[in-house]
Number of protein chains: 2
Amino acid sequence: MTHALPFDLEGHCASCPIRHRAVCSRCDAEELARMNELKFYRTYSPGQTVALRGETLDFVATVVQGTATLERVTEDGRTQIVGILLPSDFLGRPGRDGLSYDVMAVNEVKLCCFRRKPFESLLDDVPHLQERLLDMTLDELDAARDWMLLLGRKTAREKIASFLVLLANRCDQLNGGKTRGSRHFDLPVSREAIANFTGLTIETVSRQISILRREQLISLDGVRKVTVPDSAALRRAAGDDDINALN
Amino acid sequence: MTHALPFDLEGHCASCPIRHRAVCSRCDAEELARMNELKFYRTYSPGQTVALRGETLDFVATVVQGTATLERVTEDGRTQIVGILLPSDFLGRPGRDGLSYDVMAVNEVKLCCFRRKPFESLLDDVPHLQERLLDMTLDELDAARDWMLLLGRKTAREKIASFLVLLANRCDQLNGGKTRGSRHFDLPVSREAIANFTGLTIETVSRQISILRREQLISLDGVRKVTVPDSAALRRAAGDDDINALN
DNA sequence: CGACCTATTGATACGTATCAACCCGAGTGG
DNA sequence: CCACTCGGGTTGATACGTATCAATAGGTCG
């Protein structure tokens with residue numbers, strides 16, 4: 001069930017759809033040329049494990065297409081999603097063998113990979129690269145902390161609203177400019193994944209989505225397509241103050 | 001109520017107690033000399049606000065002494081602590097005006113500060129500095145994600161046990177080598193702070209601490225001094241798998 | 001069409017929040 | 001030196017939100 005990518009996989013970085021947002025976004029032509037030499041692509045099918053906690057991971061990568069989740073699991077199987085990788089996000093930890101979470105492909109995922117050691121050399125040589133990676137990591141840290149507020153202090157209703165706002169914003173980003181007012185997007189993940197992301201159960205997720213729909217804060221087409229008629233109203237339901245939206 | 005620092009505040013970095021763990025830990029003598037020129041110290045008293053979310057913060061800093069909390073607050077006042085700064089931890093966001101959380105001094109806090117712009121220049125010039133900052137940021141991100149598992153999926157009992165394990169480990173780190181078996185340490189924070197860190201209420205925190213004491217997993221001397229007779233047992237109560245402890 | 005998987009909806013249980021009383025040690029002032 | 005107050009901490013009774021268990025619905029694929 002391989003469907004065509006919107007760009008030539010073996011093509012040059014210049015044609016890469018997420019080049020302007022990825023870790024390489026600040027690199028100049030010469031630096032890109034060097035990276036172009038080293039890069040290779042990998043594909044994962046839906047549900048496949050990309051990496052396991054503690055296991056050695058010999059590459060780092062940028063997500064070109066698809067969605068992956070970062071998961072932490074307790075010894076008795078309770079699962080918490082601690083991050084979502086969308087196109088342009090970075091995967092891997094330079095300077096360390098393994099990750100502290102499992103990485104799972106949600107749908108078909110394409111990664112632009114670099115073997116770890118050569119990438120670490122690149123980081124040393126190419127300041128643009130390290131700066132950008134630091135910046136992206138700081139952004140992730142801010143996002144993780146926003147999410148800690150959600151997990152620790154928000155109600156089920158606020159959690160679901162926040163999750164939808166988060167997704168809406170990130171979809172906007174990927175599509176370029178932010179749109180005000182009504183907008184719609186696809187949920188890239190199942191109810192179970194939403195539950196594991198928000199720290200709820202599937203049933204509670206389902207109920208809260210139904211309630212938000214009944215209150216017309218959202219409408220659904222099927223089970224995966226969401227329309228938000230009034231994003232400000234949804235943001236209010238998310239219980240954030242309005243300095244900014246979640247990432 | 002200023003009590004003497006264990007080193008001369010105006011002294012050289014060479015005598016700094018947290019130099020080997022801080023952002024400057026990989027710098028050589030020449031680089032340190034340059035930083036030494038730029039640094040200045042600040043002190044905050046218990047309860048004082050160090051920085052507010054969204055407000056411009058014109059410096060970055062390393063904690064030399066004391067404890068500070070990073071807090072996110074909902075519009076209606078629910079508070080979640082999203083990080084604890086202990087000696088050697090870094091505060092501030094290079095490349096951005098403000099922070100996305102409030103920073104509060106828990107007890108008397110001494111910061112080794114740099115004005116932000118000069119520090120950003122330093123980052124450009126001193127690869128050791130940027131590498132170390134990236135590494136510290138990645139560690140914080142891992143810690144934040146561990147904490148997300150706690151907030152989303154752990155029971156009150158596990159949360160308190162995890163919190164105690166976290167503190168015990170970090171105190172060990174600060175004191176050098178890890179000790180196996182029995183150990184004791186001071187809680188640097190109030191019950192309220194523990195509640196805001198674990199996503200519980202004060203009352204639940206108090207109850208769970210009482211229960212752990214009744215079960216002899218910990219013992220208390222007063223309300224702030226904790227002894228852990230069997231750290232492996234406490235770690236088991238924390239519900240983590242044993243690949244590693246929280247940070 | 002039937003099998004299967006995911007999602008929804010309902011009834012009940014349980015864990016933690018909430019509300020309230022009490023305890024305790026530290027200051028403070030008579 | 002003791003009575004009083006005050007803030008933080010503990011303990012108890014009850015309420016409430018979400019988990020759990022169970023049944024049903026809907027979509028997809030053979």
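FYI, side chains are in, hydrogens and waters are out, and symmetry mates aren't considered; it's all heavy atoms of this structure. So you know, we letter chains A, B, ... as the sequences are listed, proteins then strands, and number each from 1.
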Return the set of residues passing side-chain contact (heavy atoms from CB on, under 4.5 Å) with A:Asp186 (not counting sequence neighbours), or none when no residue passes. A:Lys225
Interatomic distance where CZ belongs to B:Arg214 and P belongs to D:dT11 [whole Å]: 6 Å
Compare all side-chain heavy atoms of A:Thr43 with those of A:Gln48 and state whether any distance is below 4.5 angstrom. no
Identify whether NZ of Lys or CZ of Arg in B:Arg42 sits under 6.0 Å from the centre of the six-membered ring of B:Phe59 and within 45° of that ring's axis. yes
Among B:Ile211, B:Val205, B:Leu212, which residue satisfies the side-chain contact (heavy atoms from CB on, under 4.5 Å) criterion with B:Ile209? B:Val205
Which of these, B:Glu203, B:Lys159, B:Arg157, B:Arg213, sits in a side-chain contact (heavy atoms from CB on, under 4.5 Å) with B:Gln208? B:Arg157
Can you figure out which of C:dA7, C:dT8, D:dT11 approaches the side chain of A:Ser210 most closely? C:dT8
Tell me the interatomic distance from A:Gln208, atom CD, to C:dA7, atom P, rounded to whole angstroms. 16 Å
How close or far is atom P of C:dT16 from atom CD1 of B:Ile209, stated in whole angstroms? 15 Å
Once rounded to the nearest 0.5 Å, what's the spacing between atom CE of B:Met148 and atom CG of A:Leu151? 5.5 Å
Separation of D:dT10 P from B:Arg224 CZ (nearest whole Å): 10 Å
Using atom names, set out every protein N or O paired with an N or O of nucleotides 21-23 of chain C below 3.5 Å, distance rounded to 0.1 Å.
none

Side-chain donor-acceptor pair under 3.5 Å between B:Glu71 and B:Thr69, yes or no? yes
Applied to residues 195-218 of chain B, the ring-ring contact (aromatic ring centres under 6.0 Å, His included) test, sequence neighbours excluded, yields B:Trp147-B:Phe197, B:Phe163-B:Phe197
Short side-chain to backbone donor-acceptor contact, A:Arg53 and A:Ser100, under 3.5 Å: yes
Between N or O atoms, less than 3.5 Å apart, protein on one side and nucleotides 27-30 of chain D on the other: list the pairs.
none

Please produce a list of atom pairs where a protein N or O lies less than 3.5 Å from an N or O of nucleotides 19-21 of chain D.
from: D:dA19; atom 1: OP2; to: A:Thr201; atom 2: N; distance (Å): 3.4
from: D:dA19; atom 1: OP2; to: A:Thr201; atom 2: OG1; distance (Å): 3.0
from: D:dA19; atom 1: OP2; to: A:Thr204; atom 2: OG1; distance (Å): 2.4
from: D:dT20; atom 1: O4; to: A:Arg207; atom 2: NH2; distance (Å): 2.9
from: D:dC21; atom 1: N4; to: A:Glu203; atom 2: OE2; distance (Å): 3.0

Could you state the CG-P distance from A:Leu220 to C:dT8, rounded to the nearest angstrom? 7 Å
Count the heavy atoms of every other residue, nucleotide or ligand shown that sit under 6.0 Å from CD of B:Glu215, and state whether that count exceeds 12. yes
Just the rounded figure in Å: distance from P of D:dA25 to CZ of A:Arg191. 18 Å
Which heavy-atom pair separates A:Val103 from A:Ala68 by the least distance, and what is that distance? CG1-CB, 4.2 Å
At 10 degrees resolution, what angle do the end axes of the helix from C:dC1-D:dG30 to C:dG30-D:dC1 form when each is taken over five base pairs? 20°
Take atom CD1 of B:Ile202 and atom P of D:dG12, then tell me their distance rounded to the nearest Å. 18 Å
Return the value, rounded to whole Å, for the distance between atom CG of A:Leu151 and atom P of D:dT18. 13 Å
Consider only side-chain N and O atoms of A:Thr74 and B:Lys154, and report whether a donor and an acceptor are under 3.5 Å apart. no
Where the side chain of A:Val223 is concerned, which of D:dG9, C:dT8, C:dT9 is the nearest nucleotide? C:dT8
Hey, are A:Arg78 and B:Glu158 close enough for a salt bridge, meaning a charged N less than 4.0 Å from a carboxylate O? yes
